[in-house]
> 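Structure in structure tokens, see below.
Proteins get letters first, then strands, A, B, ... in listed order; numbering begins at 1 in each.
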Protein chains: 2
Amino acid sequence: MATIKDVSKLAGVSVATVSRYLNKNGYVSKEAAETIAEVIEKLNYRPNNIARSLAGMKTATIGLMVPDILNPFFPELARSIEDAANEYGYTVMLCNTDNDSAKEQKYIDTLIQKQVDGIIISSYTIKPEHLTGLQKQSIPVVLMDNVFSSDSIVSLTVENRQGGELAVQHLLEQGCSKIAHICGPLSITSSRDRTAGFERACRGTNWFMPSLIGYSDFTVKGGYTAMMDLLALHPDLDGVFASNDLMAAGALKALQETNHKVPQDVKVIGFDGIGLEMLNPELSTIAQPIFELGKTAMDALIGLIRKENDIMTDQVFPVTLRAKQSTMN
Amino acid sequence: MATIKDVSKLAGVSVATVSRYLNKNGYVSKEAAETIAEVIEKLNYRPNNIARSLAGMKTATIGLMVPDILNPFFPELARSIEDAANEYGYTVMLCNTDNDSAKEQKYIDTLIQKQVDGIIISSYTIKPEHLTGLQKQSIPVVLMDNVFSSDSIVSLTVENRQGGELAVQHLLEQGCSKIAHICGPLSITSSRDRTAGFERACRGTNWFMPSLIGYSDFTVKGGYTAMMDLLALHPDLDGVFASNDLMAAGALKALQETNHKVPQDVKVIGFDGIGLEMLNPELSTIAQPIFELGKTAMDALIGLIRKENDIMTDQVFPVTLRAKQSTMN
DNA sequence: AAATTATATGAAACCGATTACACATCATAA
DNA sequence: TTATGATGTGTAATCGGTTTCATATAATTT
């Protein structure tokens, strides 16, 4: 593997000149530039990024921590972040944390040691004390789905509560008169907010009662069993709002298996907007702008890394109703 | 950020001794070790991986190139690889190539510059000439779903043809008497093999005719339209084998929309074994051992990196029938 | 008692880049 | 004509580690 020294020798200039040529800073004469270019071509020289990072303190690498890439929400997020990172010339390190504090802490340590330029964390379980290490090393962080105020940390969230309200509103508009809710883990802020939205929208209706809320865990299977339980309690329900799409898919399955027609008998709406196009009927959902979230996260991170003065502040993204067959007849 | 020099100074020993202590090689007296440990604790010192990599030529990082993490097959693969990598103390860089040669080439260059210790490539489009750069830098490669013989490259594949046969066989056993096939991109070797398996299994039956094969593209939508076309041509078909699960899901949807009962009227089977548990009925499939594939890929890569003498050779993994509701009544 | 061998340590080279600084040349302004 | 600034280049320090080699002492062998 050719090094900058090899290039400098063969080109008859100093390594400094080659470096200047490579980074396009400082003066380099036209002749020198041409010779260097030729030699680089000839040797098929590629700068060693590791050495570059050591000298320049930048790795052009970011860490992306997600709970579990198997959850279909996260590939979409990862993809949008990776695309954006790629445009900025950055590479992404993928870390699955399983919402496990120990794993999170370990990955944060690893990423610090690998000198990543920044980290995007999508985690329900991250705690302030985990981030202090990053703050100490002044490694920029963008936090998704979680708020934690600090000047080297930007938080991006969506309007979860409004989304919950929107879902109920839509179901009501479609003629539902008894709406159940499958809520996600109470440990997750955004999950609680979605449920809060549901409750607020139900407040004052004459049909609402607490037993219309089923407690689940954001999984298909969880949504399925929660729906079964709800049906046992309320055979006459005619609408369901699940706090994420996976649970909604599970609910849909439970309804179909118990011979409820969707959307004729019962209407179903989820939350997140992941593309579950294989479902029949297709699922209505309160969609997060996932790609925009990823892109914005990367933009914000770059801003923090470059210490631009117009650093992005915390943002709350709107959600939108995406009505499909599961609520329309 | 504390450096090894800070530690050595405060501990009253040389950096060499600290380095020996850190890497547990060479001699370090008990007293020295204790003092160093204390100082490290006190300074909260963490070795800088970049410097380590530069000196030691190892980055403890691997690259993972996949076509698109949005395709549900790849999160499973990525997850299993990441888990295995993590156990070995390695970190994973995620690269989406979109089966685009230019992107692949660019990522390979980037990964070389970042000095990854090895690369796992899952790509339909990779060509030998793309790998020569890696060979030149003697960067180990594990290739999935693609065979390319070389001593620094290990290929892992599955028994695609046998899987295709297995699918047909299963449908026949379940009583099907006219089986259609939705095949994937012909540019993909494993896709062609699955179709070859289908054809071989159909050979000699009295009902088979070429128009029972629909050509598609491995997507849900593609499977949907292919199924619609097949139904128009052969309203009497009673079984479908799709070359991957996404197309099978699309086919399922098309069948349901056209009021065909699955599995009573038509039985459907896919290929891959991705967990599409939200489908109703659940999809039978020819399952690849995805997690085992990922784990093995990582094991093989580590073997190549460490230059172990019992380097793993190319492997072909068996596939298994996973019968679910879509073929059982 | 002398010769080995095992244990322990530090100085300095090295990994492959960036960059501050010194110095030289040439063109332009005063 | 001289001062000044722009242009161009090389030397050497630096980033934060690892590793070779020389050296010294303690523990075993013979």
Side-chain angles (χ1 to χ4, degrees), chain A residues 1-37 39-40 43-61 89 109-110 112-117 137-139, chain B residues 1-37 39-40 43-61 89 109-110 112-117 137-139:
Chain A
M1 181 102 207
T3 72
I4 197 173
K5 233 178 243 169
D6 301 327
V7 175
S8 82
K9 239 175 253 170
L10 213 71
V13 298
S14 73
V15 293
T17 304
V18 179
S19 177
R20 270 182 230 111
Y21 168 83
L22 290 171
N23 300 295
K24 303 184 201 314
N25 57 14
Y27 298 111
V28 177
S29 69
K30 224 172 180 132
E31 305 89 65
E34 273 171 25
T35 338
I36 292 172
V39 173
I40 286 179
L43 296 183
N44 189 31
Y45 165 77
R46 295 279 175 280
N48 179 326
N49 240 284
I50 298 292
R52 238 178 193 179
S53 300
L54 185 57
M57 310 300 284
K58 288 263 161 284
T59 54
T61 301
D109 275 3
T110 304
I112 290 177
Q113 278 184 54
K114 298 217 172 182
Q115 308 270 103
V116 295
D117 294 341
Q137 319 284 338
S138 61
I139 295 180
Chain B
M1 181 102 203
T3 72
I4 198 173
K5 232 178 242 170
D6 301 326
V7 175
S8 83
K9 238 176 254 169
L10 213 70
V13 297
S14 72
V15 293
T17 304
V18 179
S19 178
R20 270 183 230 111
Y21 168 84
L22 290 170
N23 299 295
K24 302 185 202 312
N25 58 13
Y27 297 110
V28 176
S29 67
K30 222 172 181 128
E31 303 89 66
E34 274 171 23
T35 338
I36 292 172
V39 173
I40 286 179
L43 295 183
N44 190 30
Y45 165 76
R46 295 279 175 279
N48 179 327
N49 241 285
I50 298 291
R52 236 178 193 177
S53 300
L54 184 57
M57 312 297 286
K58 288 264 160 284
T59 53
T61 301
D109 275 3
T110 304
I112 290 177
Q113 279 185 52
K114 299 217 173 185
Q115 307 271 104
V116 296
D117 294 340
Q137 318 286 338
S138 63
I139 294 181

> Which whole-number value in Å describes the distance from I50(B) CD1 to dC15(D) C1'?
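Value for this atom pair: 11 Å.
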
> So do T35(A) and V13(A) actually touch side chain to side chain, heavy atoms under 4.5 Å?
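Not touching, per the 4.5 Å side-chain cut-off.
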
> Could you state the atom-to-atom distance from CG of L22(A) to C1' of dG16(C) in whole Å?
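My rounded result for the distance is 12 Å.
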
> In whole angstrom, what separates D6(A)'s CG from dC14(C)'s C1'?
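Atom CG in D6(A) sits about 15 Å away from atom C1' in dC14(C).
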
> Expressed as a whole number of angstroms, how long is the span from K9(B):NZ to dG16(D):P?
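Interatomic distance, NZ of K9(B) to P of dG16(D): 12 Å.
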
> Between T3(A) and dG16(C), is there a side-chain N or O to OP1/OP2 distance below 4.0 Å?
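Indeed not, no polar side-chain atom of T3(A) lies that close.
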
> Are a donor atom and an acceptor atom from the side chains of T61(A) and K114(A) found within less than 3.5 Å of each other?
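Short answer, no.
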
> Is the phosphate of dT18(C), meaning OP1 or OP2, less than 4.0 Å from a side-chain N or O of Y21(A)?
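Checking Y21(A) against dT18(C): no side-chain N or O falls below 4.0 Å of OP1 or OP2.
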
> Side-chain contact test, heavy atoms from C-beta onward, threshold under 4.5 Å: evaluate it for L43(A) versus L10(A) and give yes or no.
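Contact flag for L43(A)/L10(A) side chains = yes.
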
> Could you state the CZ-C1' distance from R52(B) to dC14(C), rounded to the nearest angstrom?
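In whole Å, dC14(C) C1' lies 17 Å from R52(B) CZ.
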
> Have a look at Y45(A) and tell me which of I4(A), I36(A), D6(A) forms a side chain to side chain contact (heavy atoms under 4.5 Å, CB included) with it.
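The single option meeting the side chain to side chain contact (heavy atoms under 4.5 Å, CB included) with Y45(A) is I4(A).
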
> Can you list the steps and then say if Y21(A) with V7(A) is a side-chain contact (heavy atoms from CB on, under 4.5 Å)?
CA-CA 11 Å; Y21(A) 168 83; V7(A) 175; over 6 Å; no

> Give the minimum heavy-atom separation between N25(A) and R20(A), together with the two atoms involved.
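Heavy-atom minimum between the residues: O-CG, 3.1 Å.
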
> To the nearest angstrom, how far is I112(B) atom CD1 from dG16(C) atom P?
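Roughly 15 Å, once rounded to whole Å.
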
> Taking the side chain of L54(B) as heavy atoms from C-beta outward, which of dT18(D), dG16(D), dA17(C) is closest to it?
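Nearest to the side-chain atoms of L54(B), counting from C-beta on, is dG16(D).
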
> Within the sub-3.5 Å range, which N or O atoms of nucleotides 7-11 of chain C have a protein N or O partner, and how far apart are they?
from, atom 1, to, atom 2, distance (Å)
dT7(C), OP2, Y27(B), OH, 2.8
dT9(C), OP1, S29(B), OG, 2.8
dT9(C), OP2, S29(B), N, 2.7
dT9(C), OP2, S29(B), OG, 3.2
dG10(C), OP2, S14(B), N, 2.7
dG10(C), OP2, S14(B), OG, 3.1
dG10(C), OP2, T17(B), OG1, 2.8
dG10(C), N7, R20(B), NH2, 3.0
dG10(C), O6, R20(B), NH2, 2.7

> To the nearest angstrom, how far is M1(A) atom CE from dA17(C) atom C1'?
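Atom CE in M1(A) sits about 12 Å away from atom C1' in dA17(C).
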
> Give the intermediate values and the outcome of side-chain contact (heavy atoms from CB on, under 4.5 Å) for residues T3(A) and N48(A).
CA-CA 8 Å; T3(A) 72; N48(A) 179 326; over 6 Å; no

> Which nucleotide in the set dA17(C), dG16(D), dT18(D) lies at the smallest distance from any side-chain heavy atom of A51(A)?
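Side chain of A51(A) sits closest to dA17(C).
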
> Does the side chain of N23(A) get closer than 4.0 angstrom to OP1 or OP2 of dT18(C) through an N or O atom?
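So the side-chain polar atoms of N23(A) do come within 4.0 Å of the phosphate oxygens OP1 or OP2 of dT18(C), strictly under.
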
> Which part of the nucleic acid, if any, lies within contact of N49(A), taking any heavy atom under 4.0 Å across all strands shown: a base, the sugar-phosphate backbone alone, or nothing?
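Result for N49(A) = nothing.
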
> Just the rounded figure in Å: distance from P of dC14(C) to CG of N48(A).
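So the two atoms are 18 Å apart, to the nearest Å.
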
